[in-house]
Amino acid sequence: MKIAIACDHGAYDNKEQLKRKLIQEGYEIEDFGCFSADSVDYPKMAYPCAKAVSEGRADRGIVLCGTGIGVSIVANKVRGIRCAHVHDPQSARLTREHNDSNMLAMGGRILSQPQIEEIAEIWLKTPFSNEERHQRRIAMIAQIEEGTFDAE
Ligand code: RB5
């Protein structure tokens, strides 16, 4: 599985440590930065990372910033991205089973490094449930992107 990863200065060390662990576990990683703890603008890293997932150049994406909020907002602007902003292991599992999320956002100033690694591991290893009701809801999200969704 190839993973696109990105962060801003609020989670630079977290991204570096998570990247090392995932590489050790055999994942292929494409790193969209940032590449130091200097202050940067998170859309510049999160957007190309999300585009890589959207265009099929990566299977999944993981984005990190101070809170996880900014990078998740950016990723969810990209067509086909379902980015889950996750703080706990149960949500990591449920967003894979229910939302088939293809990106994960976490906050380096909110979570500890062990929490980030545990959440990432669960999220990467949990398959989509493929249940019809979840497929139906995900299809509705795609219709919203296309402007064809009718909520009535
Ligand atoms: C950067 O200071 C901070 O705003 C950013 O990392 C993130 O938390 C934004 O949502």
Side-chain angles (χ1 to χ4, degrees), residues 1-126 128 134 137-138 140-147 149 151:
M1 185 190 289
K2 182 170 174 182
I3 301 167
I5 197 165
C7 70
D8 76 356
H9 54 285
Y12 171 68
D13 288 336
N14 307 102
K15 184 264 285 177
E16 288 298 302
Q17 290 181 56
L18 178 61
K19 183 173 76 172
R20 273 198 293 277
K21 179 173 182 285
L22 294 176
I23 289 169
Q24 277 172 9
E25 290 174 0
Y27 291 99
E28 186 186 349
I29 305 289
E30 183 165 359
D31 188 347
F32 289 86
C34 56
F35 298 106
S36 81
D38 295 345
S39 181
V40 287
D41 300 325
Y42 55 81
K44 293 182 178 176
M45 283 63 65
Y47 179 66
C49 181
K51 287 286 278 183
V53 177
S54 166
E55 293 171 2
R57 288 179 280 116
D59 302 298
R60 303 267 195 93
I62 299 177
V63 280
L64 303 113
C65 63
T67 58
I69 296 170
V71 288
S72 69
I73 291 171
V74 171
N76 279 313
K77 297 289 181 193
V78 176
R79 181 173 289 266
I81 295 302
R82 293 179 301 281
C83 181
H85 181 205
V86 171
H87 300 287
D88 63 278
Q90 188 185 10
S91 300
R93 180 175 59 78
L94 289 171
T95 187
R96 286 290 308 133
E97 291 177 350
H98 292 194
N99 316 120
D100 196 15
S101 51
N102 50 13
M103 290 191 66
L104 171 67
M106 293 178 286
R109 293 176 181 154
I110 307 294
L111 299 169
S112 67
Q113 187 63 24
Q115 287 174 315
I116 286 172
E117 292 178 5
E118 181 186 13
I119 288 167
E121 180 167 3
I122 292 168
W123 183 78
L124 285 166
K125 291 188 172 154
T126 304
F128 177 46
H134 296 310
R137 292 161 190 165
I138 291 166
M140 289 177 184
I141 295 170
Q143 288 169 8
I144 292 169
E145 280 183 341
E146 291 157 10
F149 182 59

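Read the numbers this way: they start at 1 and go in the same order the structure lists the ligands and their atoms. As a basis for the values below, the full set of heavy atoms in this structure was taken, side chains included, without hydrogen atoms, waters or symmetry mates.
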Q) What is the distance from atom CG of N14 to atom CD1 of I116, rounded to the nearest 0.5 Å? A) 4.0 Å
Ligand 1 N/O to protein N/O, distances under 3.5 Å:
from: ligand 1; atom 1: 2 (O); to: R109; atom 2: NH1; distance (Å): 3.3
from: ligand 1; atom 1: 6 (O); to: D8; atom 2: OD1; distance (Å): 3.3
from: ligand 1; atom 1: 6 (O); to: D8; atom 2: OD2; distance (Å): 2.6
from: ligand 1; atom 1: 6 (O); to: G66; atom 2: N; distance (Å): 2.7
from: ligand 1; atom 1: 8 (O); to: G66; atom 2: N; distance (Å): 3.4
from: ligand 1; atom 1: 8 (O); to: T67; atom 2: N; distance (Å): 2.9
from: ligand 1; atom 1: 8 (O); to: T67; atom 2: OG1; distance (Å): 3.1
from: ligand 1; atom 1: 10 (O); to: T67; atom 2: OG1; distance (Å): 3.2
from: ligand 1; atom 1: 10 (O); to: G70; atom 2: N; distance (Å): 2.9

Q: Look up atom CG in D31 and atom CD1 in I3, then write down how far apart they are to the nearest 0.5 Å.
A: 12.0 Å
Q) Say you draw a straight line from CD1 of I122 to CD of Q90; how long is it, rounded to the nearest 0.5 Å? A) 10.0 Å
Q) Got a second to check how far Y42's OH is from T67's OG1, nearest 0.5 Å? A) 7.5 Å
Q: Side-chain contact test, heavy atoms from C-beta onward, threshold under 4.5 Å: evaluate it for D100 versus H134 and give yes or no.
A: no
Q.
Counting only heavy atoms from other residues, nucleotides and ligands, does the tally under 6.0 Å from OH of Y47 exceed 12?
A. no
